[in-house]
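Below: one structure, written as structure tokens.
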Amino acid sequence: MTRSGIAVGKNRGHITTERKLKAQPRSTKGRANKHNKFVRNLVREVVGFAPYEKRCMELLKVGKEKRVLRVLRGKLGSLSAAKAKREDLSEIVRQTRLK
């Protein structure tokens, strides 16, 4: 935000120039690239699903999507994470039905 040089108001403060900073590593951490996708897929293949994920997949097969969301919300802690996990699990259930 640009400063106005005035001591009061929304843009108060000394006039400065905005610096363009290089992207920090924290902004790219956890982003999926080819190697990460491969490793996560391999780990999922070897380890399988957690018990709460198996339970949620069973609930999805029955069609209790709202119940799945509540279980995942309690387990993961946030609604957005629960929605993302529900989508992942429902996609896996869909793929297993096709096979």
Side-chain angles (χ1 to χ4, degrees):
M1 185 172 274
T2 58
R3 305 291 183 181
S4 65
I6 301 172
V8 293
K10 191 173 158 188
N11 300 325
R12 70 173 183 252
H14 187 73
I15 297 173
T16 57
T17 56
E18 195 78 23
R19 292 170 56 206
K20 292 290 177 191
L21 298 175
K22 197 168 67 170
Q24 296 290 314
R26 66 176 170 260
S27 63
T28 60
K29 185 178 180 194
R31 193 172 290 174
N33 57 32
K34 196 162 73 170
H35 180 70
N36 282 354
K37 283 181 188 172
F38 172 74
V39 170
R40 286 178 186 154
N41 203 3
L42 185 68
V43 168
R44 173 65 78 190
E45 223 173 274
V46 173
V47 176
F49 294 98
Y52 80 93
E53 290 175 327
K54 289 178 186 171
R55 179 181 172 204
C56 289
M57 286 164 65
E58 289 300 316
L59 287 168
L60 282 170
K61 286 177 188 172
V62 175
K64 299 198 175 246
E65 295 228 351
K66 190 169 185 178
R67 184 74 199 153
V68 170
L69 195 62
R70 290 186 60 192
V71 169
L72 289 172
R73 167 71 176 80
K75 206 69 172 157
L76 300 175
S78 74
L79 187 64
S80 56
K83 286 178 180 177
K85 177 67 89 171
R86 181 180 63 176
E87 286 304 310
D88 293 344
L89 292 176
S90 62
E91 184 61 37
I92 291 166
V93 168
R94 231 178 277 125
Q95 287 175 353
T96 54
R97 282 186 180 158
L98 292 174
K99 287 183 182 177

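Source: prediction; values computed, not measured.
The distance from the CG atom of Leu69 to the CG atom of Leu79 is 5.5 Å, given to the nearest 0.5 Å. Atoms CD and OG, on Glu65 and Ser90 in that order, are 6.5 Å from each other to the nearest 0.5 Å. In this structure, OG on Ser80 lies 9.0 Å from CZ on Arg73, to the nearest 0.5 angstrom.
In the hydrophobic clustering of ILVMFWY residues, with side-chain heavy atoms under 4.5 Å counting as a link, Met57 and Val62 come out apart. Note on Val47: it clusters hydrophobically with Val39, by side-chain heavy-atom contacts below 4.5 Å among ILVMFWY residues.
Hydrophobic clustering, defined by side-chain heavy atoms of Ile, Leu, Val, Met, Phe, Trp and Tyr closer than 4.5 Å, groups Ile6 together with Val8.
Residues in residues 47-56 take part in these salt bridge (charged side-chain N to carboxylate O under 4.0 Å, His left out) pairs, two or more places apart or across chains: Arg44-Glu53, Glu53-Lys85.
Of the options Leu76, Leu59, Leu72, a side-chain contact (heavy atoms from CB on, under 4.5 Å) to Arg86 is made by Leu72 and by none of the others.
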TODO: Go through the steps for Arg19 and Leu21 under the test side-chain contact (heavy atoms from CB on, under 4.5 Å), then give the verdict.
DONE: CA-CA 6 Å; Arg19 292 170 56 206; Leu21 298 175; 3.7 Å; yes
TODO: Step by step, work out the side-chain contact (heavy atoms from CB on, under 4.5 Å) result for Asn41 and Lys37.
DONE: CA-CA 6 Å; Asn41 203 3; Lys37 283 181 188 172; over 6 Å; no
- [ ] Just do the side-chain contact (heavy atoms from CB on, under 4.5 Å) check on Glu91 and Gln95 with the steps written out, would you?
- [x] CA-CA 6 Å; Glu91 184 61 37; Gln95 287 175 353; 3.7 Å; yes
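Not one N or O on the side chain of Arg67 forms a donor-acceptor pair closer than 3.5 Å with the backbone of Val71. Side chain of Arg3 to main chain of His14: no donor-acceptor pair is present (N/O by atom type, distance under 3.5 Å, no hydrogens or angles).
Heavy-atom contacts from other residues, nucleotides or ligands closer than 6.0 Å to CZ of Arg31 number 12 or fewer. Atom CZ of Arg40 has more than 12 heavy atoms from other residues, nucleotides or ligands within 6.0 Å.
Closest of all the heavy-atom pairs between Asn36 and Asn33 is N-OD1, 2.8 Å. Here the closest heavy-atom approach between residue Leu89 and residue Cys56 is recorded as CD1-CB, 3.7 Å.
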